[in-house]
Amino acid sequence: MALHFAKVALTVNVTLPAQSLEQHIAATPAVVASELAQQVYEYEKQHNLGYYPAIDYFENNQGIEQELISALKSIAWVAYGMVRSEFQARLRPVFSALQFESIQAHAFALPSVRPGNANVLNELTNHYNLSDFKISLIATIIQRKEDTEAVEKMAESMVYRWLKEHFKSIKVTSARAI
């Protein structure tokens, strides 16, 4: 019987436990996130934008301290490494190959928080705290027979099963055979 190598494109959202990131860096992510939230809040209030811009907006517009953006990027670099190595260590025995397409921190995306919300500063702080990530990867599974639907479900359940104990939360948002 011939073996089939099936590739599955996966998109996974994970949340790092807060203490795991704090163990690996000098700066406290919560302090950086809180200060960023305060400055972004004040910037929007002064300029009456009607929304809170993504971090890259502030790199060009000098609206907040550049040291905070640098600190956020430094923390993100460590967090990216942690997420990637956790995926590799836990999933390498399960899949015959892993290829990372992207790892994105939600902190660099446009905040879903809107001015006028009751708890704006807390929501902005949570947005910038570098605990939520979106990972896109391609995993290869060896099968005895070709079954597209089964391979997608199997990949999704394997990711969840092998990673659930190592992240605060995990959600496979997409599993598609390619």
Side-chain angles (χ1 to χ4, degrees), residues 9-92 98-138 159-160 162-174:
L10 295 157
T11 304
V12 184
N13 288 330
V14 297
T15 302
L16 282 173
Q19 67 275 14
S20 67
L21 187 57
E22 291 173 0
Q23 294 172 355
H24 293 89
I25 54 172
T28 306
V31 172
V32 173
S34 177
E35 187 58 34
L36 262 172
Q38 184 65 46
Q39 289 188 22
V40 169
Y41 173 79
E42 292 298 327
Y43 184 87
E44 189 286 326
K45 206 168 152 182
Q46 289 173 355
H47 295 89
N48 200 22
L49 298 174
Y51 72 101
Y52 297 106
I55 291 297
D56 63 349
Y57 173 87
F58 295 106
E59 288 181 307
N60 303 323
N61 292 322
Q62 306 299 320
I64 59 176
E65 293 176 30
Q66 295 302 303
E67 293 81 20
L68 279 174
I69 294 173
S70 295
L72 186 71
K73 286 182 175 184
S74 295
I75 295 167
W77 185 79
V78 172
Y80 288 139
M82 288 175 58
V83 169
R84 183 183 181 98
S85 62
E86 197 66 40
F87 266 68
Q88 286 177 321
R90 305 297 170 200
L91 298 180
R92 191 65 62 174
L98 287 176
Q99 177 186 344
F100 288 88
E101 297 291 302
S102 68
I103 300 175
Q104 301 169 330
H106 290 216
F108 292 99
L110 186 70
S112 60
V113 182
R114 296 294 169 244
N117 284 11
N119 206 1
V120 170
L121 281 174
N122 190 36
E123 290 180 36
L124 280 172
T125 301
N126 287 338
H127 176 79
Y128 294 125
N129 79 8
L130 281 170
S131 61
D132 297 323
F133 293 85
K134 177 182 174 183
I135 299 90
S136 297
L137 62 118
I138 297 174
V159 167
Y160 179 74
W162 287 81
L163 293 174
K164 69 182 177 183
E165 295 175 12
H166 305 283
F167 290 98
K168 185 177 176 182
S169 72
I170 181 168
K171 183 176 183 183
V172 178
T173 58
S174 172

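- Distance CZ/F133 to CZ/F108: 8.5 Å, rounded to 0.5 Å.
- In this structure, S34 contributes its side chain and A30 its backbone to no donor-acceptor pair below 3.5 Å.
- At least one donor-acceptor pair closer than 3.5 Å links the side chain of E44 to the backbone N or O of G50.
- Taken from CG in N129 to CG in L72, the straight-line distance is 10.0 Å, to the nearest 0.5 Å.
- Of the residues N13, N126, T15, the one that meets the side-chain hydrogen bond (donor to acceptor under 3.5 Å, both in side chains) test with D132 is T15.
- Here the closest heavy-atom approach between residue V120 and residue G116 is recorded as CG2-N, 4.1 Å.
- Within 6.0 Å of OH on Y160 lie no more than 12 heavy atoms contributed by other residues, nucleotides or ligands.
- Closest non-hydrogen pair, P53 versus P111, comes out as O-CD, 3.7 Å.
- Between F167 and F87, the closest side-chain pair of non-hydrogen atoms falls below 4.5 Å.
- From Y80, atom OH reaches atom CD of Q104 across 7.5 Å, with rounding to the nearest 0.5 Å.
- Annotation: the span from L36 atom CG to L68 atom CG amounts to 4.5 Å, rounded to 0.5 Å.
- One N or O on the side chain of H127 and one on the backbone of H106 form a donor-acceptor pair closer than 3.5 Å.
- To the nearest 0.5 Å, the span separating CD1 on I170 from CG on L163 amounts to 4.5 Å.
- With hydrogens and angles ignored, the 3.5 Å screen pairs a side-chain donor or acceptor of Q66 with a backbone N or O of F58.
- How far CG of N117 is from CD of E123: 5.0 Å, rounded to the nearest 0.5 Å.
- A donor atom on one side chain and an acceptor atom on the other are found under 3.5 Å apart for Q39 and E35.
- Using a distance-only test at 3.5 Å, with no hydrogens or angles considered, a donor-acceptor pair links the side chain of T173 to the main chain of T11.
- The two residues L124 and A37 come nearest to each other via the heavy atoms CB-CB, 3.6 Å.
- Nearest heavy atoms, A54 versus L110: N-CD1, 3.7 Å.
- Here the closest heavy-atom approach between residue I75 and residue P29 is recorded as CD1-CA, 4.0 Å.
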